[in-house]
2 protein chains.
Amino acid sequence: MLTVPEAQRRLLPEMNPLLQSRYRILQSVQLMQPIGRRTLAESLKMTEREIRKVTDILREQGLLDSQKSGMVCTSDGELVIEQLRALVYEWSGLTQLGKALEQQLGLQHVLVVPGDYNDDETVLTLLGKEAAQQFLLTIANEQVVAVTGGKSVASLAQFLQPVDHQQNITFVAARGGIGHEMHMQANTLVATFAMQMDAQHRTLFLPEHLSEQAYQAMLTEPMVTEIMAYYDRADCVIHGIGSAEEMAIRRNTSAEDLRILEEKGAVSEAFGYYFNAEGQIVHRIRTIGIQLEQVEKCKHIIAVAAGKQKVNAMLSYFKVAPKQTIFITDEAAAKAIAERLL
Amino acid sequence: MLTVPEAQRRLLPEMNPLLQSRYRILQSVQLMQPIGRRTLAESLKMTEREIRKVTDILREQGLLDSQKSGMVCTSDGELVIEQLRALVYEWSGLTQLGKALEQQLGLQHVLVVPGDYNDDETVLTLLGKEAAQQFLLTIANEQVVAVTGGKSVASLAQFLQPVDHQQNITFVAARGGIGHEMHMQANTLVATFAMQMDAQHRTLFLPEHLSEQAYQAMLTEPMVTEIMAYYDRADCVIHGIGSAEEMAIRRNTSAEDLRILEEKGAVSEAFGYYFNAEGQIVHRIRTIGIQLEQVEKCKHIIAVAAGKQKVNAMLSYFKVAPKQTIFITDEAAAKAIAERLL
DNA sequence: TGTAGTGGGATAAAAAACGACCCACTAGTG
DNA sequence: CACTAGTGGGTCGTTTTTTATCCCACTACA
């Protein structure tokens, strides 16, 4: 059977790339507004002329407005973006790509967002938007949401908003502090998430990794036991996927331990576990933080990760990832994964 | 609310004329196949280059095939035409135009076909296609269908085909012979229609217009009374609309009578009646043929007429036309009518 | 008050589209 | 059987459009 959009595509084949590019530009304007031609061109890795041509048309169509401070998306423009999202994703094959990964990775749902994180940092914004949307769809009353750190997870923040009838949502930092960058830490994120959604939050102001002695001592601390209780009650987890190397460096792992990890073939890291390419646990840090067994009991798990350089880590982690995981990633990574699996 | 196609049109405004032109060309190929570039260009009043550009694309898309004898429409192409008809008509405003005329003329249904009959004779084919489709939707068993002559009515012929479960359809010539052109005469048409649909037909081999004496004599002829009985039983009428002048000339009306008609302000002609601009009967020929009162009793009436030069006649006739009339015309005429009524 | 970033304008160079042919071929006709 | 009108494909200057890269006046903001 031939659907109307398919028929349209047959009659106007050149419409497809045009649609994709215009949609991408309009979407980028919406996400980065107010923004100028040149900045936008650089961000999307396009020439200024190309941007200009499209924005001129979009402006003429009233989807875009040019102010002194830059271009902004009109309400009409936002409506168009919303209406065409499904079509654009479908036509660019992202829907199919997601479905394929869903099957091959054995996950509940895989969402692929257009673009390449390595080329264009703004895909992170898109990633966050989709992930936030997914998350907002799942939450209910009295839920406990565990949140890890990382850029990908942080990208959700700006798209979180209070939901009707939500009550007593609590965001809990899923692990202690890592490194020194505050912006991406679990603690900071739960605070922002909670603020955005008008909800509660619990932080864990402790270094993630402790000596055996300190660890045992901490286990009886009320502050710690309270958090651990939350981990047992967690309904939802939002987490990123780290490459083993990257995480080890962020954790200030000693050169010797790094060598050991490498020897053992550690590829990915999640919740304090290091996995090799086959998905086997090759190392485990005695962390204060949510444990894999606790994650597995959660009803909803949202994994967010982008970038081709993380493909190995993703493949490794998804060998053990709980089936109820919803995975949101970018086009470049998704394609790389698909290639590797075929 | 913004529909998806509307959003598409906002994002890709140049798609609209492109879609229209490609659809028109593909449709023309289907109707005139096999046909060459040059003939097609002449018929559509376009340059050869333009046709070539589009057909190259269509061929690449597999909607068109180039054979030695010309271009033909593939089955995919026909599917595309079918799927996009509603969209194209909607976007070119033909649907709305038809609806507007429906209201203003007080008819059951008005169908507007794209193009201008004066520029491009092939719109007649389209006209016939739509009219035939409408007709085929209405017919049931045991029906008597009265048919007049004329180019417009003749255009239905090639699109008539046997319908499932049809039984005992009878086509009856609605009037006697006029002039000498056999192809467009009611008698010829009923025969072709019947052949195409595998149905019965009754012809009326008599001059339409007779002297009073001959007329009275004929009324008792079995051949004539049989036909007249059919007229009383008619369920459906398919007819054209003539301008008074044109019809008078075809009827070989004497110069004197012509002058009289003109004096009386006769504008249109149908079923032997001449109407002035206000729709009043200004003259009536004692014809052997279906009478206006008999037409009014029919369940279905299909009126087919195209061309700007007939607008006056159409406006005049539709002042008295039965409300159950379905009217099929071309874009140019429809627009002219709409202008005159506003 | 300075600076970085904005939209709009201009212009020469490059590319694509166009128009107007020709060509070899063939289907249908007389 | 020859002929002619019509076919799709090819070619090549010319014209039109698109592209790239500046510059400019302005403004928001620090």
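The sequence lines fix the lettering, A, B, ..., with proteins before strands; numbering per chain opens at 1. Scope of the values below: all heavy atoms of this structure, side chains included, with no hydrogens, waters or symmetry mates. These numbers were taken from a predicted model, which means no experiment stands behind them.
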Let me know the distance between [atom1] of [X] and [atom2] of [N], rounded to the nearest Å.
X      : N       : atom1 : atom2 : value
I35(A) : dA4(C)  : CD1   : P     : 18 Å
L40(A) : dA4(C)  : CG    : P     : 21 Å
I51(B) : dA17(C) : CD1   : C1'   : 16 Å
D65(B) : dT7(D)  : CG    : P     : 16 Å
Q67(A) : dT27(D) : CD    : C1'   : 12 Å
E42(A) : dT6(C)  : CD    : P     : 10 Å
E60(B) : dG9(D)  : CD    : C1'   : 15 Å

So, does [X] use its side chain to make a donor-acceptor pair with the main chain of [Y] at under 3.5 Å?
X       : Y       : answer
N187(B) : L204(B) : yes
T47(B)  : E50(B)  : yes
S92(A)  : V88(A)  : yes
E331(A) : G115(A) : yes
D330(B) : V113(B) : no

Note to self: Show me the pairs that pass side chain to side chain donor-acceptor pair (under 3.5 Å) and involve residues 15-24 of chain B, at least two apart or across chains.
What the structure shows: E14(A)-R22(B)

Notebook entry, point to check: What residue pairs, at least two apart or across chains, pass side chain to side chain donor-acceptor pair (under 3.5 Å) with a residue in residues 189-201 of chain B?
Noted result: none

Notebook entry, point to check: Roughly how far, to the nearest 0.5 Å, is the CG atom of L11(A) from the CG atom of L87(B)?
Noted result: 10.0 Å

Item checked: Axis deviation across the helix from dT1(C)-dA30(D) to dG30(C)-dC1(D), five-pair ends, to the nearest 10° -> 30°

Next item on the list: Any chance you could list the contact pattern along nucleotides 21-30 of chain C? Use B for base contacts, S for sugar-phosphate-only contacts and - for none, protein heavy atoms under 4.0 Å, 5' to 3'.
Entry: BB---S----

Notebook entry, point to check: How would nucleotides 15-20 of chain D be written as a contact map, 5' to 3', with B for base contact, S for sugar-phosphate-only contact and - for no contact, using protein heavy atoms under 4.0 Å?
Noted result: ----BB

Item checked: Distance test, side-chain N/O of T39(A) to OP1/OP2 of dT6(C), below 4.0 Å -> yes

Note to self: Can you tell me if E42(B) has over 12 outside heavy atoms packed within less than 6.0 Å of its CD?
What the structure shows: no

Notebook entry, point to check: With sequence neighbours left out, what residues match R85(B) under salt bridge (Lys or Arg N to Asp or Glu O under 4.0 Å)?
Noted result: E130(B)

Next item on the list: Specify the closest pair of heavy atoms between Y117(B) and V123(B), including all atoms of both residues, with the distance to one decimal.
Entry: CA-CG2, 3.3 Å

